[in-house]
Amino acid sequence: MIAVIAAEPATGFSVTNVVIVLMGAMLLVVFGWSWAGRSDGARWWVGWPEGRGLMLGAVPGLGLLIFTIGLAIVFDLSGPVISPLLAVPLLVGVVLLLAGGLDLLPKWWGPAWFKKLPARRRHPRW
């Protein structure tokens, strides 16, 4: 028996495309929650050596990339006017993702509560 799989459209409001947008949005929400740091749960990444690069670089960078690409797919955003506008969040996302992954985030990047922590807590070593 041959199974027939219905293909979803590449652009527009399909389940897959909306899930992509929601995944990017959730990463940005987690980043915002961690940046605010209003609870101990939001500050879970502080005691982890790779936490700063992950939560202040890789998560928002990946979130921006996925969210922007998802919006472009869902709303079929293309053309000479829209493409440069989409390039800005994509470029920022790539820079944040690389800076976080390679531990090259500048010292000024981070929430105020994080900068007030002692250096040993900001940059723990195993």
Side-chain angles (χ1 to χ4, degrees):
M1 176 182 240
I2 298 174
V4 178
I5 300 172
E8 291 186 12
T11 60
F13 285 95
S14 68
V15 172
T16 305
N17 296 345
V18 172
V19 167
I20 291 171
V21 172
L22 291 176
M23 284 173 33
M26 287 306 298
L27 285 171
L28 293 174
V29 166
V30 167
F31 165 67
W33 174 65
S34 296
W35 185 283
R38 296 180 192 260
S39 67
D40 288 336
R43 298 179 183 203
W44 66 269
W45 52 274
V46 172
W48 190 37
E50 291 83 17
R52 180 176 184 266
L54 178 71
M55 288 310 298
L56 299 181
V59 168
L62 190 60
L64 270 174
L65 287 173
I66 293 173
F67 186 71
T68 305
I69 291 170
L71 284 181
I73 291 170
V74 168
F75 294 111
D76 196 18
L77 302 176
S78 61
V81 175
I82 293 296
S83 295
L85 296 176
L86 289 176
V88 173
L90 290 174
L91 182 62
V92 170
V94 167
V95 168
L96 278 172
L97 185 60
L98 289 174
L102 299 174
D103 199 25
L104 298 173
L105 291 170
K107 297 207 182 291
W108 53 264
W109 179 249
W113 63 264
F114 181 72
K115 293 182 220 173
K116 293 177 185 175
L117 292 175
R120 281 186 37 202
R121 291 221 36 227
R122 281 182 289 158
H123 304 287
R125 300 285 178 228
W126 288 107

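Listed by chain and residue number, S34, M55 satisfy the side chain to side chain contact (heavy atoms under 4.5 Å, CB included) test with V30 (two or more places apart in sequence, or in another chain). Looking at residues two or more places apart in sequence or on another chain, you find a side chain to side chain contact (heavy atoms under 4.5 Å, CB included) between R38 and A36. Evaluation of the ring pair (Phe, Tyr, Trp, His ring centres under 6.0 Å) rule for W33 yields no partner, not counting sequence neighbours.
A side-chain donor-acceptor contact under 3.5 Å links W113 to the backbone of W35.
Scanning all heavy atoms of the two residues, the minimum distance from A42 to G37 falls at CB-CA, 3.8 Å. Heavy-atom minimum distance, W109 versus L56: NE1-O, 2.5 Å.
No chain of hydrophobic side-chain contacts below 4.5 Å, direct or via other Ile, Leu, Val, Met, Phe, Trp or Tyr residues, connects L27 to V29. Cluster annotation: L22 is connected to I20 through the hydrophobic network of ILVMFWY side chains, with a link wherever side-chain heavy atoms come within less than 4.5 Å. Cluster annotation: V94 and L97 are assigned to the same hydrophobic cluster (Ile/Leu/Val/Met/Phe/Trp/Tyr, side-chain heavy-atom contacts under 4.5 Å, transitive). When the side chains of ILVMFWY residues are joined at heavy-atom separations under 4.5 Å, either directly or via intervening members, L91 and F31 end up in two distinct hydrophobic clusters. One hydrophobic cluster, built from ILVMFWY side chains closer than 4.5 Å, cannot hold both V88 and L90; they sit in different ones.
Here CG of L105 is found 10.5 Å from CG of L98. Values are rounded to the nearest 0.5 Å. The distance from atom CZ of R52 to atom CG of D103, rounded to the nearest 0.5 Å, is 7.0 Å. In this structure, CH2 in W45 is found 9.0 Å from CZ in R43, a value given to the nearest 0.5 Å.
Sorted by first and then second residue, the ring pair (Phe, Tyr, Trp, His ring centres under 6.0 Å) pairs involving residues 81-100 (not counting sequence neighbours) form an empty list.
Grouped by direct or indirect side-chain proximity (heavy atoms under 4.5 Å, Ile/Leu/Val/Met/Phe/Trp/Tyr only), L104 sits with L102.
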Distance-only criterion, 3.5 Å: show the donor-acceptor pairs between side-chain atoms of residues 61-86 and protein atoms not counting sequence neighbours.
unit_1, atom_1, unit_2, atom_2, d
T68, OG1, L64, O, 2.7
S83, OG, G79, O, 2.8

